[in-house]
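See structure below.
Indexing begins at 1, ligand by ligand and atom by atom, following the structure's order. Quick caveat: nothing in here was measured; it's all calculated off a predicted structure.
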Amino acid sequence: MTTVPKAKVFPVSTQVNDRGHLVIGGCDLVDLAAEFGTPLYVFDEATLRAQAEGFGEAFRSLHADTTLLYACKAFINVALARLLAGYGLGFDVVSGGELALLRAAGVPLDRVYFHGNNKTPEELAQAVEWRIGHVAVDSFHELALLDEIAGRAGIVQPVMIRVSPSTDPHTHRLTTTGVLDSKFGFPIETGQAKEAVRQALAAKNLDLEGLHFHLGSPIFELEPYAEAVELVMGFASEMREQGLELRQFSPGGGYAIAYTEADEPPPPSAYAEAIVGAMKRSCASHGMPEPTLLIEPGRAIAGPAGVALYTVGAIKDVPGVRTYVSVDGGMGDNIRPALYGAVYEAVVANAASEPATETVTIAGKYCESGDVLVHDARIAPVEAGSLIAIPASGAYAPAMASTYNLNGRPAIVLVEGGRATLIRRRESYADMMAQDVV
Ligand code: LLP
């Protein structure tokens, strides 16, 4: 066995076999490409488990009363929902669709939190009818609507209030949420959070359990978490005179992962120390009992577990300018480079023991110049038919995939112990035409 190139960004089970092929979960990626075709997303079960356990242990060792909620938006399907529920995780959903999927997967809905800045009346009514565990209320409109819906259903719905602490986590502009100028949350700074707490406590059919915030994603710094936790706990303390009893507290998700070898995300233990430390200090200084802590990692669970696998087709060398290596996927299965300027590593999956001697631009097959997956990738020499693996692709790539140019969305396999299980089949032409009414 040779060493794994760029091992830091590959799943924990990754190896290189004596044919020089990348192997994940005991499955040779060249064999997987032959069996399932490309583009293919390969999810490593060992990494999913290790990430879920890593976060769980890091937080629970400091605060036993911590609940892990997987943020479905990072990527969810029925098989993954069952797997993660089996690890004991709860879930955060942001749409009726995600909720319906969890229900179909047989996940107990009392473990589910419903987020979102504009849940529709239909989504809220369905969630209440299905007896969802918790709703994170995000607007005055929703407060009134949910109170009425719960009243009609004859239940008292447990809710959190999502506040906005005006804390900048220094993420990409498009993925920052906890600042004042954001569509998410009731700002503390303007007094609107206080008013929301007042209204929630007064609502007959709502049971206010606690406060939630989410700063942005991915957050490589610890300071914003500590700062926002202290601020929101201070707010919670002030709200006690209104009658707020903080039973649950969520600082959201946003835990970073390494996309490149240069990335240095804090380990789960560092996030846990920053968050739990700030929470405990605040509780002590305000004389408040310690609440149940909810954390909502999405990217940190799914991201490191997923590897995208593509086949090289056309190679265009523009002398003195650059070499474009085009693959059979692109912005339709991973919009992140085009949308956020996200940077990924790449490895030639069928030549993983060859030195990375070439600098190329890995382009997709979509009809846009912006459809580039990796600029100036350092990889081993490739030719048509070579396989390119892009690691750290499990979160927000398949989840945000589209059928742009009517390229079907990729197949997804779950690998473990030398077995590959197809958990999503490739989208066919017929699938893409199925909703058209003629
Ligand atoms: N909780 C709430 C309320 C959220 O809004 C989010 C993410 C999470 C948890 C999970 O954050 P995570 O742990 O996955 O970082 N499409 C973007 C990311 C958008 C994140 C939206 N909210 C990307 O590809 O980077």
Salt-bridge present (Arg240, Glu245; N to O < 4.0 Å) = no
Enumerate, atom names and distances included, each donor-acceptor pair closer than 3.5 Å involving a side-chain atom of residues 130-138, sequence neighbours excluded.
residue : atom : partner : partner atom : Å
Trp130  : NE1  : Gln126  : OE1          : 3.0
Arg131  : NH1  : Val128  : O            : 2.8
His134  : ND1  : Glu209  : OE1          : 2.8
His134  : ND1  : Glu209  : OE2          : 3.1
His134  : NE2  : Asp110  : O            : 3.4
His134  : NE2  : Tyr113  : OH           : 3.4
Asp138  : OD1  : Gly185  : N            : 2.6

Return the set of residues passing salt bridge (charged side-chain N to carboxylate O under 4.0 Å, His left out) with Glu148 (not counting sequence neighbours), or none when no residue passes.
-> Arg152
By salt bridge (charged side-chain N to carboxylate O under 4.0 Å, His left out), which residues pair with Glu416, not counting sequence neighbours?
-> Arg49
Residue of the set Asn205, Leu206, Leu143, Asp207 for which side chain to side chain contact (heavy atoms under 4.5 Å, CB included) holds with Val159 = Leu206
Please produce the table of protein N or O atoms sitting under 3.5 Å from N or O atoms belonging to ligand 1, one pair a line, distance to 0.1 Å.
residue  : atom   : partner : partner atom : Å
ligand 1 : 1 (N)  : Asp92   : OD2          : 3.2
ligand 1 : 1 (N)  : Glu296  : OE1          : 2.6
ligand 1 : 5 (O)  : Lys73   : NZ           : 3.3
ligand 1 : 11 (O) : Gly254  : N            : 3.4
ligand 1 : 13 (O) : Gly254  : N            : 2.9
ligand 1 : 13 (O) : Gly298  : N            : 2.9
ligand 1 : 14 (O) : Gly298  : N            : 3.4
ligand 1 : 14 (O) : Arg299  : N            : 2.7
ligand 1 : 14 (O) : Tyr396  : OH           : 2.6
ligand 1 : 15 (O) : Ser217  : OG           : 2.4
ligand 1 : 15 (O) : Gly254  : N            : 3.3
ligand 1 : 16 (N) : Tyr340  : OH           : 2.8
ligand 1 : 24 (O) : Arg336  : NE           : 2.6
ligand 1 : 25 (O) : Arg299  : NH1          : 3.2
ligand 1 : 25 (O) : Arg299  : NH2          : 2.8
ligand 1 : 25 (O) : Arg336  : NE           : 3.3
ligand 1 : 25 (O) : Arg336  : NH2          : 3.0

Should the ring pair Tyr225 and Tyr255 be called parallel, tilted or perpendicular, given that the plane angle runs from 0 to 90° and is split at 30 and 60?
-> parallel
